[in-house]
2 protein chains.
Amino acid sequence: MESRCENCIIRQFNSLRAMSKEELKQVSDSKTVKTIKKGEPLFQEGDKLNGVYCVRNGVSKLSKLSSNGKDQIVKLASKGEVLGQRSVISEECTNLSAIAVDDMEVCFIPKESINNTLQKNPNFTMEVLRHMAHDLKEADDVIVNISQKTVKQRMAEAFLYLKNNFGEDEDGYLALTLSREDISNVVGTATESAIRIISEFKKKGLIVASGKKIGIKDERKLLELVEGF
Amino acid sequence: MESRCENCIIRQFNSLRAMSKEELKQVSDSKTVKTIKKGEPLFQEGDKLNGVYCVRNGVSKLSKLSSNGKDQIVKLASKGEVLGQRSVISEECTNLSAIAVDDMEVCFIPKESINNTLQKNPNFTMEVLRHMAHDLKEADDVIVNISQKTVKQRMAEAFLYLKNNFGEDEDGYLALTLSREDISNVVGTATESAIRIISEFKKKGLIVASGKKIGIKDERKLLELVEGF
DNA sequence: TCCCTAAACTGACATTTGTCATAGTATTCC
DNA sequence: GGAATACTATGACAAATGTCAGTTTAGGGA
C-alpha cells in the first residue's frame, strides 16, 4: 500500500481529507506504520495517548471495562477510521481500550502534527468537529437501544449492523467474524444468553451459522424483530 | 439578568467564552430570549434547528423516543449549557427532544451567528470541539453503566449524579425534583421498578423522601451499591 | 373547600436474563 | 498426532425486571 499520506486513499474516509498538501506531507514524515496482531491492544483504557491511530486494515474493538469485570464494546472501527482523537483533543487519558479483532495495519500520527493542523487549518477542525458530532449522535442511539430494547432485539440489530458496516463475503457470511463473547460484549449481555439467542435465530431460520461464521438469512424478519413484533 | 451577551456570566460555563467582543456583540444583537414553561418543549426529535439554545435558568431533559413507546433521557442540561449544537454543526435534524423540567429562560442564538464564528474564530471551534469530546466520553460511560449495571445500581448512581450536578436545597433534599417517571426514564427502567427501588432505599435508610422531594441520607452506602457490594 | 385527575404506590404474576455446572467441539502448540 | 486449552453449547435454576390491575395520595382548578 501507498506509504505517503498524500496519496493514501484511506484518508478519503476521515477528517484527514481536509488537510492541505503541506500538512499531509508533515503528517507523512512524522507517522509510523504499525502492525498489530489479532488480540493485541493498540492502547488500553487509562493510557495517555501521544497521537492518533489511522486504521489501514483490519478491525479494532473499542471497549471499556465495567466494575462487574465485563467489557462493553462501544464501537467497532475499521479501515479509514481514526482512533484516539478524543483523547488527544481533550488532553485526557483515554477512556477506552482498542484491541485488534483482526490482524491490523495502522498509521500512528503523533499528536503534534494533529494539534498543529488543528490550530492552523479551520477546515480541518470543522471536519473533526463534524465527525465527532456524528459519533455523539450514534452514541445516543446506542444508549436508547441498549436501555429500551430486549437482548433479543439488540442481537438482531447487531447482526444487521455487522452486515451494513462490514458487509458479507462471497458465501454470504458476515465479513467480520466475532467470537460469541465479543458479540455478547457488543450487545451487552451474558455470553450464554448470546449463544442461546443465536441458536434460537438459527432454528427460526433468521440466520445460518457454520462455526464462527454467521450469515443473515431473513433480513426482513430480523428488522421486524428489532422494531418489536 | 443582564441581557447583553458580552456581560452575561452564564457564558463563562460554555464555549461562548471563546468568542471575541465583536462576535459576542453580533450574537447579542441576533439572539432572542425565550421563556419556556415546565413541560413545554424547546424542540422535538426530528426538528430542523435554526440555532442553538443557551440555558439561563431552569433544567431541560434531552430525550429520545424508543420504538417501544418509552422515552429515554440521555442528558439533563442546566444553566450555562448550550443545546442543539450538534444538530447545527452537522446540519441534520436533531435526534433528541428537549423538554423543560422546570420553568426555563433560554437565549436562542440563530445558527448564522454560530456558523459565522466557527468559520472565523479557530479558538471558538476548538472550544466547541473540546466540549463535544467531553460529551462523547460521558456518553460512553452511560453506555457502559446502562448495559453492565443492574437497575438498582443505576438508580443509586442517578441519585448521586443529581446531587453532584444540581446540588441540594437548604433542607438537604436534591435541588432538582424529578417525577418518578422522569427518574425511570433517566435510569432506563419501568416506572414501577423505579418506585419500588425508591421504597427499598427508603426502608434501608439510604435516602429520605417527602412527596416528590428526595434526599440522600447515606451517600457512602449508595456509592458502595454502585460499585457492586 | 371539594372534586377530579394525575401521579405515586403495592401486589401478583409472567417473562427475561443471568449464573453455575457440565459436556461437546475447535484450535493451538509441542 | 495428541494433549492442552479455549470456545461453543445446553440444561437447570435463581434472580432481576417488566406488566397488569387496582388502590391510595396529592395537588390544582372550579
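When reading the values below, keep in mind they use all heavy atoms of this one structure, side chains included, and skip hydrogens, waters and symmetry mates. Just so it is clear: chains get the letters A, B, ... in the order the sequence lines come, proteins before strands, and each one is counted from 1.
In this structure, B:Arg86 does not pair ionically with B:Asp135, as no charged nitrogen and carboxylate oxygen lie closer than 4.0 Å. In this structure, B:Asp182 pairs ionically with B:Lys61, as a charged nitrogen and a carboxylate oxygen lie closer than 4.0 Å. B:Arg196 and B:Glu192 are not joined by a salt bridge, as no carboxylate oxygen comes within less than 4.0 angstrom of a charged side-chain nitrogen.
Whole-Å rounding puts the B:Ile198 CD1 to C:dA7 P distance at 15 Å. As rounded to whole Å, 11 Å separates atom P of D:dT17 from atom CE of B:Met155. C:dA8 atom P lies 6 Å from atom CZ of B:Arg180, rounded to whole Å. Taking atom CD1 of residue A:Ile146 and atom C1' of nucleotide C:dT16, one finds them 16 Å apart after rounding to whole Å. Between the CZ atom of B:Arg154 and the P atom of D:dT17 there is a distance of 7 Å, given to the nearest Å. Rounded to a whole Å, the NZ atom of A:Lys213 is 15 Å from the C1' atom of C:dA26. When the P atom of C:dA8 is taken as reference, atom CD1 of B:Ile207 falls 13 Å away, rounded to whole Å. To the nearest angstrom, C1' of D:dT25 lies 12 Å from NZ of B:Lys212.
Nearest to the side chain of A:Ala190, among C:dT19, C:dC9, D:dT19, sits C:dT19. For B:Ser199, the listed nucleotide lying nearest its side chain is C:dT10; candidates were C:dT10, C:dT17, D:dT17. Counting only heavy atoms from C-beta on, A:Glu192 has its side chain closest to C:dA21 among C:dA7, D:dT17, C:dA21. The side chain of A:Arg196 lies closest to C:dC20 when the candidates are C:dC20, C:dG11, D:dT17.
Heavy atoms of A:Thr191 sit nowhere under 4.0 angstrom from any nucleic acid atom.
Close to D:dA9, at under 4.0 Å from its OP1 or OP2, lies a side-chain N or O of A:Lys202. Between A:Ser193 and C:dG18 there is a side-chain polar atom (N or O) within less than 4.0 angstrom of OP1 or OP2.
Mapping B:Lys149 and A:Ile195 onto DNA chain D by nearest heavy atom places A:Ile195 closer to the 5' end of the strand. Both A:Glu181 and B:Ile197 lie near DNA chain D, and the one whose nearest nucleotide falls closer to the 5' end is A:Glu181.
Between the side chain of B:Gln72 and the backbone N or O of B:Asn185 there is at least one donor-acceptor pair closer than 3.5 Å. Of the possible donor and acceptor atoms, none in the side chain of A:Asp171 sits under 3.5 Å from a partner among the backbone N and O of A:Tyr173.
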